[in-house]
Every structure is written in structure tokens, then in C-alpha cells.
Amino acid sequence: MADVIIIGAGLAGLVAAAEAAERGRKVLLLDQEGEQSLGGQAFWSLGGLFMVDTPEQRRMGIRDSHALALSDWMGSAQFDRPEDENPRKVAEAYLEFAAGEMRPWLAERGFRWFPVVGWAERGGDMAHTHGNSVPRFHLTWGTGPGVVAPFERLVRRAVEEGKITFGFRHRVTQLIVENGVAKGVNGEILAADGAERGCSTNRDVVGDFEHRAEAVIVTSGGIGGDHDMVRRYWPEDRLGKAPKRMVAGVPDYVDGQMQRVAEGAGAAIINGDRMWHYTEGLANWDPIWPNHGIRILPGPSSMWFDALGERMEAPYLPGFDSLGTLKRILSTGHEHSWFILTQKIIEKEFALSGSEQNPDLTSGKWQEVLKARIMGKGAPAPVEAFKRKGEDFVVAESLPELVRGMNALTPETPVAFEKILAQIEARDAQIENPFSKDAQVTAIRGARQYRGDRLIRTAKPHRILDPANGPLIAVRLNILTRKSLGGLHTDPTGQVLRPDWRAFEGLFAAGEVAGFGGGGYHGYNALEGTFLGGCIFSGRAAGRSV
């Protein structure tokens, strides 16, 4: 009999298992997928971590502090509900961790970081509201696999020592609860499936199981793979009508089923209407999972137009305010938007989210990064592949040709050439004006004041319609599902709570299923790097608690 059962072998589950085993607990680690999917969604990530006042920041001339990070977080979270008490406590504890023990603790386990710190979610509104005041996105060498590997090593060593046992293809369907205390789990054993990581697997039941333990930790992830569930939780009052079509930023096994199982057993779910989806989604020309979407991580220079051909106003600029931009796009009654840019912009500013889309960074080798991003011609190879093969891309030598291509992609919502031309010409006229009134031109110049952006992320300001900067490129952008910001209500130790806030004895939760801690430690907005960071932090807390 195990002391602890962990449901979900993603990043939070691996961290919890390693921490519990280190403290002498015998752990049974269950997952409905096969061993090839160990690490879950984190494997596919870019590997960014939100950390504060690090050597990487200081070397880049960034002056950060716990106080500034706390101000940014609370301005972004906008906690306003009684049930935000625990999420706020977890957020405060995470910030203490991120500004203190986090970096040395991870470095001790083998983490290393790319020296240029990224500046995500810049906000662009008021100083006391959403956004990062300084760059804090620390990209792990090796991207997502590099985040997973140190904890996978710890877990596999514990397996060899008999402290942890794997139970792959075990789908938990019920929590065993006796006298109000979680005592174990039962469920179905699924047939073996050799599908590659991330691909859909069979749901053929070949047996059943029951396991008991002193404690159960749920680390099963979010709901982003079930678009019907996303739409049920969608906050129409805040974001507008839920999209009919979205591309999937996560595999289809990210289905929220354990959240429903826990709720059915008496656990509380809070902040289910808080979620994090991206507006720069592309249909993957080489999909791994159904309806596979990839996010563009844009620099600040692409011109952004809504479906009706109106240029998006500040702060709805590339990289500034994800949820605000989502609401702005949906306000048109349509679900897509457009980037218009040049070859010079795509070469310097386009990155694609995901470990598989960044083979140079995933390799962890400097020579590969230099070859792909500094010495090579054109954009990085994965970006160029999307430009050539992606269904959302239009490439043209002239603006009339570009607009015709855009309208061929979306004939139901054509844009007017004259309107697009007038807006681009007005923007281009501001490029050589040192006193520009164009908010985006000012933002581009501001970005280039940061050494990291000037080096690898922001193109030198130039006129879009100058043929020397071409060809012209238009990209149709789709809504891409990604993260649940709410989930199982926990206290800061990971203890799951009931609807009346009493402890659900024996039951713990961590990672996305718990809103990355507390039932939603982000509040309404994420500052990026806080998803992996939240999985690590909440998984560590739960593993230590049990």
C-alpha cells in the first residue's frame, strides 16, 4: 500500500512525487496516458519561468524587486472575491519564492537559463493595473523538456529505490471517501497505446483497479482540451461571446475529468470563469494532437487589425495585454484578427510557442541558437515553414495582392483595401517623426531601449510599405485555448477545501487543476512564466504537506 497517491504525471505531479519520496513517503503515481507522455503539457512549453531580481536580470541592466513584482501581480490579479483569500495567500508565497529561494533551488536540480530575459505581458495601461513593469520571463535552456528533465530524473531514481511506483494508463474515475476522508481511488485500466507523445490514445478499458493511501494529490491539469467545457465556463460578461471555433493549445487528454471527479466527491471549485487564452493562434500545418494550434510570440512591430480591418488601438498591441485584446477582438462579432508585417519583422520578431517549434533552444546548445537566430538568413526555420505551409499566412509583393489573399481566406468578412492602405500609410508617416503620436511606434522605440529586445526581439523601426523591407505578410490569427486560472480550492499547503471552506481531509491538489495554487493564484490575469512556476511551487507545497 502506498502512503500517497498522485493523479497526474505532469510537472506538478512529478514535483509532488519527488518531494514526498524525499521525505520518506511511498508514492503511487497514476496517469491515464502512457509513459511516453510523462511530464504532460510542460514538455511542450517554451520553458519560461517568472523569477524576480535574478543574476540574469541584473546582467541585462534590469532593476527588479519583490516590492515591484508584488505591485505588478496584485495590479494584474485584481482579486475581488471572498474566495480569493487563499489564492492571494498563495500568490504572496509564490512571490517570496520567486524573489528568493526559487532560482538557487532549481539551479541545484540542474536548471540553467538563457541569458536574455524576456519581457512578456507588458500591460500598456496604468502603472497600478495589469502588466510586467520589467522583463521577468526566464527561458530555461532545453525549453519544456529542460524543465521536466530534472524532476523526471529525481522520480526515476526514486522508482529504482522502490519509493515511487508508476501506474500508467490508469484512469481514475472515483475518489474513495470514508467518513468524509479521502482514502484512495478506483478507476479503469486502459489498453496500452504506443501513440507518440501528445497524440490521441485509445480509451479501451481492459480492467479496473482500486488503490488506498493516507493521502491523495490531484495534479491532473486543466480543461483546455475540452472546448465545450471551456465554453460552459466562458465569462461572456467580461470577454464577450464564447468563440464557436478555437484552435487547441493543449492535447485532447487535457479534459478536466479529475476536476469533475473531485467536485463530485465534495471538493470545491472556485474561479472557474477565470481563464487564459491567446489571440495569436495558428492552425498547425503539421499537427500532433487534434485541432493543434501554435501561438505566435510576437515582438511589438506587427500592425494588428481586427476582422473588420480596423487597426487595434493601445493597449491592444502585440505582447501587451492578452485578455484585453481577446475582448477587443470578440467585440467585433468575429473570432479572428490579422497581423500585417514585413519580412524584416518576421525575421527578428516572430517566435513560436512550444519546445518542438524551437529546436535550437530545446537543444540547449549555443551554436544552434547562433546558427538559427543570429547567423542564419531569414526567420528561424520553424517560422519560415509556417510562412510557406501554414493555412493562415498570406505572402505578397504588393498591398493590393496581400488584401486579395486575406479576403480569399475570409470571404465572409472581407476587409477594404482603401481602409487598410490609409491606416498603414498613416503609421508609416510616423516612422521618421521623432515626435510620433502613434502609440505603437512609441512602444517599439521604448522596447528597443531594453538591450535584450534590441538584440533579438525588436526590429529596427521601418516603413511597412517600403518594398526594401518586403515581401509583405498577413497572418490570420485564431483564438487558442490554453490555461484554466481557477480550479480546486486549496489552502497554501495544497489541502483541498469543501464548499464551506472546511478541509477535505486526505485530499490535496496542485498545478493547473488547482488554478496553479489556491484555486486561482493568478486572479484575472497571468504575467507569463507563472504557469510552470505555479506547477513547481504548488507541487512542491503539496508534496511536502503529505
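Note that the structure is predicted; figures quoted are calculated from it, not measured. Reckoned from all heavy atoms, side chains included, excluding hydrogens, waters and symmetry mates.
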> So does Arg476 pair up with Glu391, basic N to acidic O under 4.0 Å?
yes
> Could you tell me whether Asp273 and Arg238 have a side-chain N and a carboxylate O separated by less than 4.0 Å?
yes
> Mark yes or no: Arg197 above the aromatic ring of Phe43, with NZ or CZ under 6.0 Å from the six-membered ring centre and no more than 45 degrees from the axis.
yes
> Using 0.5 Å steps for rounding, measure from the CZ atom of Phe50 to the CH2 atom of Trp73.
6.0 Å
> Applying salt bridge (charged side-chain N to carboxylate O under 4.0 Å, His left out), run through Arg328 and Glu313 and close with a yes or a no.
CA-CA 9 Å; Arg328 169 66 176 81; Glu313 66 279 6; 3.1 Å; yes
> Which atom pair, heavy atoms only, marks the closest approach of Thr219 to Val513?
CA-CG1, 4.2 Å
> Decide yes or no on side-chain contact (heavy atoms from CB on, under 4.5 Å) for Glu310 and Gln423, but give the supporting numbers first.
CA-CA 8 Å; Glu310 295 288 350; Gln423 293 173 97; 3.9 Å; yes
> Taking atom CD of Glu412 as the centre, report whether more than 12 heavy atoms of other residues, nucleotides or ligands fall under 6.0 Å from it.
yes
> Do Arg463 and Asp428 sit within salt-bridge range, that is, some charged N less than 4.0 Å from a carboxylate O?
no
> What heavy-atom pair brings Gly523 and Leu485 nearest, and what distance separates the two atoms?
O-CD1, 3.8 Å
> Would Arg274 and Asp84 pass as an ion pair if we require N to O under 4.0 Å?
yes
> Identify whether the distance between the nearest side-chain nitrogen and carboxylate oxygen of Arg448 and Glu349 falls below 4.0 Å.
no
> For Phe305, is the NZ or CZ atom of Arg311 found under 6.0 angstrom from the centre of its six-membered ring and inside 45 degrees of the ring axis?
no
> Which heavy-atom pair separates Pro87 from Asn271 by the least distance, and what is that distance?
CG-ND2, 4.3 Å
> Mark yes when over 12 heavy atoms from residues, nucleotides or ligands other than Lys419 sit less than 6.0 Å from its NZ; otherwise mark no.
yes
> Answer yes or no: is there an ion pair linking Asp226 with Arg231, defined by an N-O contact shorter than 4.0 Å?
no
> Restricting to non-hydrogen atoms, name the atom on Thr481 and the atom on His277 that form the minimum distance, rounded to 0.1 Å.
CA-ND1, 3.3 Å
> Between the side chains of Glu384 and Lys387, is the shortest nitrogen-to-carboxylate-oxygen separation below 4.0 Å, so that they form an ion pair?
yes
> For Arg295, is there an ion pair with Glu280 - N to carboxylate O distance below 4.0 angstrom?
yes
